[in-house]
Each structure stands twice: as C-alpha cells, then as structure tokens.
Amino acid sequence: MPFVIGAVIELGLCLDLTTSSGLDWVRIAYQSLVDVTHAPALDLPSNSRDEFRRNLDGAVVRRLHTIIETQNLPAIDTLKGVFAEGESAYPGPGFREKTHIQIVVSEPSMHQGRLSRSSRPTPLIACA
C-alpha cells in the first residue's frame, strides 16, 4: 500500500499567519477568548512548554471560526503558519532544528489529490 508523501491543496480562503492581517485576526480572536473566559472565571487554555500541544492556539482558532460564523463572513478554508520549534541550530541563531510550515485544511474540498511514491497526483477518496 503506498503512503502519502505530499498533497495537492487549494488554499482557498486562507488564514495566513505569516502576514500582518492574519495575525490581526488571531489577535482579535484571542482577545474575544479572554473576554468570554474572564467573565465566568474560566481558565484560559495554555500551550504546553514543549510546544507540541498548542491548546491555547487551537482555542484561539476555534474562537475565530465562531466569530466569522456569527458575523456571516466567508468561512476559512485553510490556515498556514510557521512554527519555530526545537533546539537552536547553533548558539544565538534564528534557526531551530524543528522549524516547519504547517497547513491546516478546514474545508475537505480543498484537498485536490495526494502524491505517492509514483509522484503522480491521485484523487483523494475521503478526507478526515
């Protein structure tokens, strides 16, 4: 059985966290999350110290989806962000061992296909 080594994704309406406007949207969502958790004295989620469990970041993005839905704005299809993780490549750098770009697909129809070892795009049967 071939394994997926790549995907063909149409970004559609993308929340791009590498842009100032993308960061403005998550700042708005974060403040909204703070406001709704502060009133009933709920605890705000937090990201783990190892940076792999991003509970706060996930809550902020879910809050943004809620804001967009309640304002009858077009839904976000994908989210793109850069995550600087891991140990420094050398003392004092901006380069880290596990830095990567991550794309989250909210709308399954944005998956156009996948790339397997044969390097030919094949249609996806189902997306979870």
Side-chain angles (χ1 to χ4, degrees):
M1 178 174 174
F3 53 90
V4 175
I5 59 171
V8 179
I9 299 169
E10 173 67 39
L11 293 179
L13 183 56
C14 180
L15 174 61
D16 188 347
L17 299 179
T18 66
T19 65
S20 58
S21 61
L23 293 175
D24 287 344
W25 278 104
V26 293
R27 284 187 188 105
I28 290 166
Y30 172 77
Q31 189 56 55
S32 175
L33 183 64
V34 168
D35 293 345
V36 299
T37 57
H38 180 71
L42 299 172
D43 291 332
L44 196 63
S46 61
N47 293 334
S48 66
R49 295 187 81 208
D50 65 9
E51 300 177 334
F52 293 112
R53 289 178 305 280
R54 297 183 177 272
N55 299 327
L56 175 59
D57 297 343
V60 168
V61 170
R62 286 189 299 277
R63 183 69 188 158
L64 180 55
H65 281 287
T66 300
I67 291 168
I68 287 170
E69 184 178 314
T70 59
Q71 296 295 317
N72 293 318
L73 297 171
I76 294 169
D77 297 318
T78 58
L79 179 146
K80 177 178 74 172
V82 175
F83 297 89
E85 298 174 341
E87 298 296 319
S88 296
Y90 48 86
F95 303 112
R96 296 176 71 183
E97 290 179 350
K98 297 180 181 178
T99 296
H100 62 283
I101 294 173
Q102 205 166 350
I103 297 174
V104 177
V105 179
S106 302
E107 172 52 52
S109 68
M110 295 294 108
H111 283 144
Q112 303 296 308
R114 64 176 174 228
L115 302 172
S116 63
R117 293 179 82 171
S118 68
S119 297
R120 289 190 325 234
T122 55
L124 290 174
I125 296 169
C127 301

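Just so it is clear, the model here is predicted, and its values are computed rather than measured.
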How long is the span from the [atom1] atom in [X] to the [atom2] atom in [Y], to the nearest 0.5 Å?
X: E10; Y: T78; atom1: CD; atom2: OG1; result: 8.5 Å
X: Q31; Y: H38; atom1: CD; atom2: NE2; result: 10.5 Å
X: D77; Y: C14; atom1: CG; atom2: SG; result: 8.5 Å

Are [X] and [Y] grouped together when hydrophobic residues (ILVMFWY) are joined by side-chain heavy atoms under 4.5 angstrom apart?
X: I76; Y: I28; answer: no
X: L44; Y: V36; answer: yes
X: L73; Y: L33; answer: yes
X: I67; Y: L79; answer: no
X: V105; Y: L11; answer: yes

**Asked** Just wondering, are more than 12 heavy atoms of other shown residues or ligands nearer than 6.0 Å to OH in Y30?
**Response**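 No.
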**Over 12 foreign heavy atoms within 6.0 Å of OH, Y90** = yes
**Asked** Hey, are the side chains of T66 and R62 touching, using non-hydrogen atoms and a 4.5 Å cut-off?
**Response**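 No - every pair of side-chain heavy atoms lies 4.5 Å or more apart.
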**Prompt:** Taking side chain as C-beta onward, heavy atoms only, is V104 less than 4.5 Å from L15?
**Reply:**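 No - every pair of side-chain heavy atoms lies 4.5 Å or more apart.
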**Item:** W25 and its side chain to side chain contact (heavy atoms under 4.5 Å, CB included) partner, picked from L64, V60, D16
**Value:** L64
**Among T18, I9, L17, side chain to side chain contact (heavy atoms under 4.5 Å, CB included) partner for K80** = T18
For [Y], does its backbone N or O pair with a side-chain atom of [X] as donor and acceptor, under 3.5 Å?
X: R53; Y: S48; result: no
X: E107; Y: S109; result: yes
X: N47; Y: N55; result: yes

**Message:** Ignoring hydrogens, what is the shortest heavy-atom contact between E85 and R96? Give both atom names and the distance.
**Reply:** O-CB, 3.3 Å
**Asked** Hey, mind stepping through D57 and V26 against side chain to side chain contact (heavy atoms under 4.5 Å, CB included) and telling me if it holds?
**Response** CA-CA 9 Å; D57 297 343; V26 293; over 6 Å; no
**Request:** Output all residues satisfying side-chain contact (heavy atoms from CB on, under 4.5 Å) with R27, sequence neighbours left out; order by chain, then residue number.
**Result:** L23, D24
